[in-house]
Structure formats: structure tokens, C-alpha cells
Amino acid sequence: QKEVEQNSGPLSVPEGAIASLNCTYSDRVSQSFFWYRQYSGKSPELIMSIYSNGDKEDGRFTAQLNKASQYVSLLIRDSQPSDSATYLCAGGLAGGYNKLIFGAGTRLAVHP
Amino acid sequence: DAEITQSPRHKITETGRQVTLACHQTWNHNNMFWYRQDLGHGLRLIHYSYGVHDTNKGEVSDGYSVSRSNTEDLPLTLESAASSQTSVYFCASTAGTGTSDTQYFGPGTRLTVL
């Protein structure tokens with residue numbers, strides 16, 4: 001099992017819909033999680049972080065963490081074509097100071 | 001504005017040559033990281049540093065080395081470039097040492113080894 005797993009996609013959603021991106025993680029990964037957005041040919045940029053069980057909302061984005069199921073998700077409401085990108089899930093390595101383990105990313109395509 | 005830069009942005013080299021990729025940050029962050037990104041693998045950690053003269057190996061460190069002589073720079077050297085090292089390389093930095101600290105990424109270097 002990979003330490004952080006994501007479905008590679010592409011996930012295709014119509015404009016205005018809710019996009020749901022999912023990520024599972026192994027025991028080696030700690031309880032700090034990050035969602036990065038990466039446009040083609042660009043560097044990753046942080047959009048959300050979550051450390052506690054439950055939901056965290058920031059504008060159109062909601063991150064959800066379920067420690068019992070080792071599952072973290074990102075919901076994007078009112079999806080826009082500009083949200084089309086690859087979304088990387090990352091978790092802190094347990095006992096690993098501030099080292100991050102990244103998933104392979106999910107490609108999201110929002111079509112008009 | 002404070003930032004993190006990488007150079008060159010694109011590099012083509014031949015197998016067996018030594019290559020150095022530069023990373024420079026002006027945030028005065030103690031912690032710096034080098035990743036490579038390949039299709040299907042996401043970002044994988046090559047080397048990292050928690051301060052001047054400190055370097056540590058990541059999960060894919062074979063064939064790479066780093067040195068940290070000042071806070072701002074962490075150059076990545078490929079001792080003898082191999083085709084398997086064709087990739088996009090990202091440098092990142094963070095101020096704190098906890099797993100909750102945000103890593104900020106440079107623009108990346110696309111390296112092709114022929």
C-alpha cells in the first residue's frame with residue numbers, strides 16, 4: 001500500500017457542480033494533511049490544510065479528515081473551469097519533523 | 001517580496017555529466033527540501049536541510065547530493081546524470097519544523113538527460 005493514495009482521475013465535473021477529491025493514507029503518515037493545487041507546468045500551491053478530525057471550510061473549499069478511516073477529502077463547491085488542475089494530497093510523516101509524503105495527484109477537469 | 005527561485009528552468013544534459021540545480025529563497029527559512037516529480041509518482045523527497053551545514057537523505061537520494069553553506073541556498077547536484085533522472089525538480093522551503101508548517105515551492109526545473 002502506498003503511504004498516500006489518490007485516484008489519478010481524470011475527474012470530470014460540470015461547471016457549478018461539487019467536485020469531490022479523495023485521499024487515503026497509511027499508518028506512517030501523521031495527522032497533518034495538506035491539499036495542493038498544481039496547474040500544468042506550474043509548481044504546487046497550498047489551498048487547504050487540516051489537522052483535526054472533521055471539516056474545515058475556506059471559501060468554496062472544504063477539507064474533511066476522518067482519522068479512524070485514514071481518509072481525507074477535498075470538496076470544491078461551485079466548480080469553475082479555472083479549478084481544472086491536478087490536486088495533490090500530502091501528509092506529514094509520523095515522527096518525521098516536517099517531511100511530507102505526497103500522493104500522485106488527481107486531475108480535475110471542470111467543463112462549461 | 002520574499003520568494004523562492006530555481007535555475008535553470010530548463011536543462012538538457014548528457015548521461016554521465018555532473019549537473020547542479022540551484023535553489024535560492026529570500027524568506028530566511030531554515031528548512032529547505034528538494035523533490036522530483038514524475039508521472040504516476042507525485043512528488044518524492046530527494047534531500048532536505050534543517051539549517052546551515054545540515055543535510056539529510058530523502059526517499060530517493062541515490063545519485064544526488066546537496067550542500068548548505070548559507071541559509072538562502074540549497075543546490076542539488078547530480079553526480080553523474082542518468083536517463084532515469086529525467087524529471088521535474090522542485091525546491092521548497094518552510095519556516096517551522098512541525099508537520100503543520102506550510103511548504104512553499106519554487107517554480108521548478110525541467111531536466112532532460114539524453
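Because the structure is predicted, anything quoted here is derived from the model rather than measured. Throughout, protein chains are lettered first and strands after them, A, B, ... in sequence-line order, and every chain is numbered starting at 1.
- No path of Ile, Leu, Val, Met, Phe, Trp and Tyr side chains, each step under 4.5 Å between heavy atoms, connects B:V88 with B:L78, placing them in separate hydrophobic clusters.
- Heavy-atom neighbours of B:R110 CZ from other residues, nucleotides or ligands within 6.0 Å: at or below the threshold of 12.
- Heavy atoms of B:L43 lying under 4.5 Å from chain A belong to its backbone as well as its side chain.
- Hydrophobic clustering, with ILVMFWY side chains joined whenever heavy atoms are under 4.5 angstrom apart, keeps B:L74 apart from B:L45.
- Here the closest non-hydrogen pair linking A:S43 and B:G106 is CB-O, 2.9 Å.
- Separation of atoms CG (A:L100) and CZ (B:F33) is listed at 7.0 Å; rounding is to 0.5 Å.
- Among all heavy-atom pairs drawn from B:F90 and A:K42, the shortest one is CZ-O, 3.7 Å.
- Only the side chain of B:Q37 comes within contact range of chain A, judged by heavy atoms closer than 4.5 Å.
- In the hydrophobic clustering of this structure, A:L75 does not group with A:V72; members are Ile, Leu, Val, Met, Phe, Trp, Tyr whose side-chain heavy atoms approach within less than 4.5 Å, directly or through other members.
- Under the 4.5 Å side-chain heavy-atom criterion for grouping Ile, Leu, Val, Met, Phe, Trp and Tyr, B:Y35 is not connected to B:L111 through any hydrophobic cluster.
- The nearest pair of heavy atoms linking B:Q103 to A:Y36 is O-OH, 3.0 Å.
- Residue-environment remark: CZ (B:R17) stays at or below the threshold of 12 foreign heavy atoms within 6.0 Å.
- For a heavy-atom cut-off of 4.5 Å, chain B lies close to A:F102, A:G103, A:A104 in residues 101-112 of chain A.
- Hydrophobic clustering (side-chain heavy atoms under 4.5 Å, transitive across Ile, Leu, Val, Met, Phe, Trp, Tyr) groups A:Y87 together with A:L11.
- Only the side chain of A:Q38 comes within contact range of chain B, judged by heavy atoms closer than 4.5 Å.
- Enclosure of atom NZ in A:K67 by more than 12 non-hydrogen atoms of other residues, nucleotides or ligands within 6.0 angstrom is indicated.
- At most 12 heavy atoms of other shown residues, nucleotides or ligands fall within 6.0 angstrom of atom CD in B:E14.
- Both the backbone and the side chain of B:F105 come within contact range of chain A, with heavy atoms under 4.5 Å apart.
- Heavy-atom contacts from other residues, nucleotides or ligands closer than 6.0 Å to CG of B:L39 number 12 or fewer.
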